Amino acid sequence: MLLYTTLGTNDLPRATRFYDAIMGVLGQPRLDTGSEDWVAWGRDYDNGLGLWLTAPFDGGPATPGNGAMQAFKADSAAQVRDWYAAGLSAGGQDEGAPGTRPDYGPQFYVAYLRDPDGNKLACVFHRYDPAVAA
């Protein structure tokens, strides 16, 4: 359904370091954008959703949207935990430690972070089985 998502940043080098850390855990390579004003991760337009970072086009400051969140798909609960640790180490802020949430059911294993610009992010393994948890 989605082709790509773009997040604004006030400090592209700082944001790039943060996203290199968390996207690396998810196995998403940084793309060659051909521009110093854009940084992106993913495969290509035909093989998965891409994530792009840039300063806002209107020249105003980048601000996080209230109620907006980007959720990344994980392949395991261990990958969620690694994503969360990498994000904290790279300057992210805790918004919810890895684990299940009663409101979402026992198979929804998730962690939440804020990136250095304040955008809320989630990493989700939606097929978690506590009996075979890793």
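Just so it is clear, the model here is predicted, and its values are computed rather than measured. The chain is numbered in sequence order, starting from 1.
Counting heavy atoms of neighbouring residues, nucleotides and ligands inside a 6.0 Å radius, atom CZ of R43 exceeds 12 of them.
A salt bridge does not link D115 with K120: none of the charged nitrogens is closer than 4.0 Å to a carboxylate oxygen.
Between P56 and G60 the shortest heavy-atom distance is CG-O, 3.5 Å. The nearest pair of heavy atoms linking P116 to G91 is CG-O, 4.1 Å. Taking all atoms of both residues into account, the shortest heavy-atom contact from G96 to D94 is N-OD1, 2.9 Å. Of all the heavy atoms in A62 and N10, the pair that sits closest is N-OD1, 2.8 Å. Pairing each heavy atom of P106 with each of P130, the nearest pair is O-CD, 4.4 Å. Minimum heavy-atom separation, A90 to R17: CB-O, 4.2 Å.
If you check the side chains of D117 and T9, you find a donor sitting under 3.5 Å from an acceptor.
Taking the ring pair (Phe, Tyr, Trp, His ring centres under 6.0 Å) definition, one finds that F125 meets it with nothing, sequence neighbours left out.
Taking CD of Q107 as the reference point, atom CZ of R127 lies at 8.0 Å (rounded to 0.5 Å). Atom CD of Q79 and atom SG of C123 lie 6.0 Å apart (nearest 0.5 Å).
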Side chain to side chain contact (heavy atoms under 4.5 Å, CB included), that's the test. Do R81 and Y109 meet it? Break it down for me. CA-CA 10 Å; R81 292 189 295 272; Y109 193 94; 3.0 Å; yes
Take Y112 and R101 through the test side chain to side chain contact (heavy atoms under 4.5 Å, CB included) and record every step on the way to the result.
CA-CA 11 Å; Y112 299 97; R101 302 297 190 272; 3.7 Å; yes
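Between Y4 and W38, the ring centre distance reaches or exceeds 6.0 Å.
Taking Ile, Leu, Val, Met, Phe, Trp and Tyr as hydrophobic and joining them when side-chain heavy atoms fall under 4.5 Å apart, one finds F72 in a cluster with L7, L12, F18, Y19, I22, M23, V25, L26, V39, W41, L51, L53, W83, Y84, L88, L113, L121.
Sorted by first and then second residue, the pairs that involve residues 58-71 and meet side-chain hydrogen bond (donor to acceptor under 3.5 Å, both in side chains), not counting sequence neighbours, are T5-Q70.
Both V80 and Y128 sit in one connected hydrophobic cluster of ILVMFWY residues. Membership requires side-chain heavy atoms under 4.5 Å apart, directly or through other members.
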